[in-house]
Amino acid sequence: MTTRRPLVGGLVAEGISFVGTRISMIAIPWFVLSTTGSATQTGLVAAAEITPLVVFKALGGPLLDRLGPRRVTLACDLTSSIVVAAIPLLHGLGLLSFPLLLVLVAVAGALRGPGDAGKAAMSPELARVAGWSLERVSGLAAAVERTSSMGGAALAGLLVASLGAANALYVDAASFLVSFAVFAVATAGLGRPVPPEPDAAPTSYGQELRQGWDFLRTEPVLIATCVMVAVTNLVDQAYSAVLAPVWAKESGAGVAVLGTLFAAMSGASVLGALAAARWGETLPRFRTYVVAFLVAGAPRYVVMALESPVWAVFAVTVLAGVASGFLNPILGAVIMERIPAHLLGRVSSLNTAICWSLMPLGGVLAGVAVAGLGLSPALLVAGAVYLVTTMAPTRVPSFRQMERAPVVDARTPSGA
């Protein structure tokens, strides 16, 4: 029997979570800047969040398999609401020191890692229950992510301007509670722990973590995808944090144009993701991957480096956004269907952690490149890195295995 209720509820909960995350991404830095006036301390807070997020996402995989991804996600969302609400509460009471703020932000990041991984690990089961393909579900998830992030950024600006950064964090805390409630009701009975193998010897947490890594590193398609996405995430972070803002300032376009440019790419990527959700399962994966990355990657950097008019930058960015919308559904389906059900939590967590691992370096390296080379050369270097990184896996013969499903189907739970 198929039912779409768990899938719809899961997507709604994820959308609410993304809105809250976007609010915190804007409210917390603004809160730090407005209370301390220090850019250095603002950077420390950002590092305090992203570092434990990546670490606990990587280390939390066996926990998902032992307790079940649903339980882990619900526990993390509920605890996150308390931790985030503590920041404005303690600030209002005059008890929030900077070291304590760092601790609270680090705990929030540590909770977000396994919480997000739990939602991702349930994707194959939600797709199976709904009777839909992984491409369609991944496409809808990508559309929800981009729409929620775009709406969340706009909402964050309104909340910070009208309520103040501290009070905006109460809204973020409330979003975790709403996400908790929706996910709890919609996914009841799903996301159970992985049953132990008959007559299997007990294993330690470290052994289970090692099993996930041993599988990941011997899967050529998965490891090539991990490395490729890690580097492109670094370059994308460099683009959004440094390269595009510097272009907007030096070209005279201004911050309003920069915000509109980001919104245009997000909106275009939503359209691409929806198209991928509708037709992605009928498209050849390998060819779609190549074409989409050729359009979505290097051209954005080149058009800025050539000091093109603003309308040309917008045109290339919109095309890049549409093309990027096709990538996550394809890559998400390839990753999830290649992981055996009994390893899903630990392998998917490691995969995501690797993909995020280089992001903290993006802004730093971009700043160094702009200072040492100038904006246009830095943009061309970034575009070249993007092109080489995304096309390198195509030279690996085994990478074409993304076209066919593996022997072990992750959409079928073990013991079914």
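In this text the structure is predicted, and so the values were computed from the model without any measurement.
- The backbone N or O of V144 sits nowhere less than 3.5 Å from a side-chain atom of T147 that would complete a donor-acceptor pair.
- Put simply, the side chain of D172 never gets that close to the backbone of I23: no donor and acceptor are under 3.5 Å apart.
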Handout entry: Chi angles and distances behind the side chain to side chain contact (heavy atoms under 4.5 Å, CB included) call for L101, F31
Key = CA-CA 11 Å; L101 174 62; F31 170 76; 4.2 Å; yes

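- Between L327 and A292 the shortest heavy-atom distance is CD2-CB, 3.6 Å.
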Practice task
Using the side chain to side chain contact (heavy atoms under 4.5 Å, CB included) rule, take M304 and L380 through it: C-alpha gap first, then chi angles, then the decisive distance, then the call.
Solution key: CA-CA 9 Å; M304 285 184 175; L380 291 175; over 6 Å; no

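- Distance alone, capped at 3.5 Å, is enough to place a donor-acceptor pair between the R70 side chain and the T187 backbone.
- Taking CG from L11 and CZ from F183, the interatomic distance works out to 10.0 Å, rounded to the nearest 0.5 Å.
- When all heavy atoms are compared, the tightest approach of V182 to G9 is CG1-O, 3.5 Å.
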Problem - Chi angles and distances behind the side chain to side chain contact (heavy atoms under 4.5 Å, CB included) call for L294, M391 - result: CA-CA 8 Å; L294 287 176; M391 293 300 108; 3.9 Å; yes

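- Here the CG atom belonging to L53 is positioned 10.0 Å from the OG1 atom belonging to T352, to the nearest 0.5 angstrom.
- In terms of modelled atom types and a separation under 3.5 Å, the side chain of S269 and the main chain of G325 share no donor-acceptor contact.
- Closest heavy-atom contact between A143 and L274: CB-CD2, 3.7 Å.
- V231 has its side chain out of reach of Y386: every pair of non-hydrogen atoms, C-beta onward, lies at least 4.5 Å apart.
- How far CG of D214 is from CG of L350: 10.5 Å, rounded to the nearest 0.5 Å.
- Scanning both residues, V313 and L261, for their nearest heavy atoms gives CG1-CD1, 4.0 Å.
- A distance below 6.0 Å separates the ring centres of F293 and Y289.
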Exercise for the section: Assess whether side chain to side chain contact (heavy atoms under 4.5 Å, CB included) is satisfied between W132 and L140, documenting all intermediate values. Expected result: CA-CA 11 Å; W132 284 6; L140 288 174; 3.2 Å; yes

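- Within 6.0 Å of CZ on R71 lie no more than 12 heavy atoms contributed by other residues, nucleotides or ligands.
- At least one side-chain heavy atom of I354 sits less than 4.5 Å from a side-chain heavy atom of W213.
- One finds the OG1 atom of T232 at 6.0 Å from the CG atom of D236 (value rounded to the nearest 0.5 Å).
- No side-chain donor-acceptor contact under 3.5 Å links T317 and R300.
- Put simply, the side chain of T218 gets close to the backbone of F215: a donor and an acceptor are under 3.5 Å apart.
- R210 CZ: 12 or fewer foreign heavy atoms inside a 6.0 Å radius.
- Annotation: side chain of E125 is not in contact with side chain of L7 (no heavy-atom distance under 4.5 Å).
- Side-chain atoms of L126 and V137, non-hydrogen and from C-beta on, never get closer than 4.5 Å to each other.
- Taking the side chain as every heavy atom from C-beta outward, T225 and L331 approach each other to under 4.5 Å.
- The backbone N or O of E145 sits nowhere less than 3.5 Å from a side-chain atom of S148 that would complete a donor-acceptor pair.
- Residues A268 and V318 come closest through the heavy atom pair CB-O, 3.4 Å.
- The structure places OG of S308 at 9.5 Å from CH2 of W247, a figure rounded to the nearest 0.5 Å.
- Ionic pairing of D77 and R112 is not present here: no N-O contact between side-chain nitrogen and carboxylate oxygen is shorter than 4.0 angstrom.
- Shown here for G383 and A298, the closest heavy-atom pair between the two residues is O-CB, 3.5 Å.
- Between Y301 and V381 there is no side-chain heavy-atom pair separated by less than 4.5 Å.
- Formation of a donor-acceptor pair under 3.5 Å by the T79 side chain with backbone atoms of C76 is not found in this model.
- For the atom pair CG of L111 and CG of D116, the computed distance is 10.5 Å after rounding to the nearest 0.5 Å.
- Using a 4.5 Å cut-off on side-chain heavy atoms (C-beta onward), N351 and C226 make contact.
- Between K119 and S17 the shortest side-chain heavy-atom distance falls below 4.5 Å.
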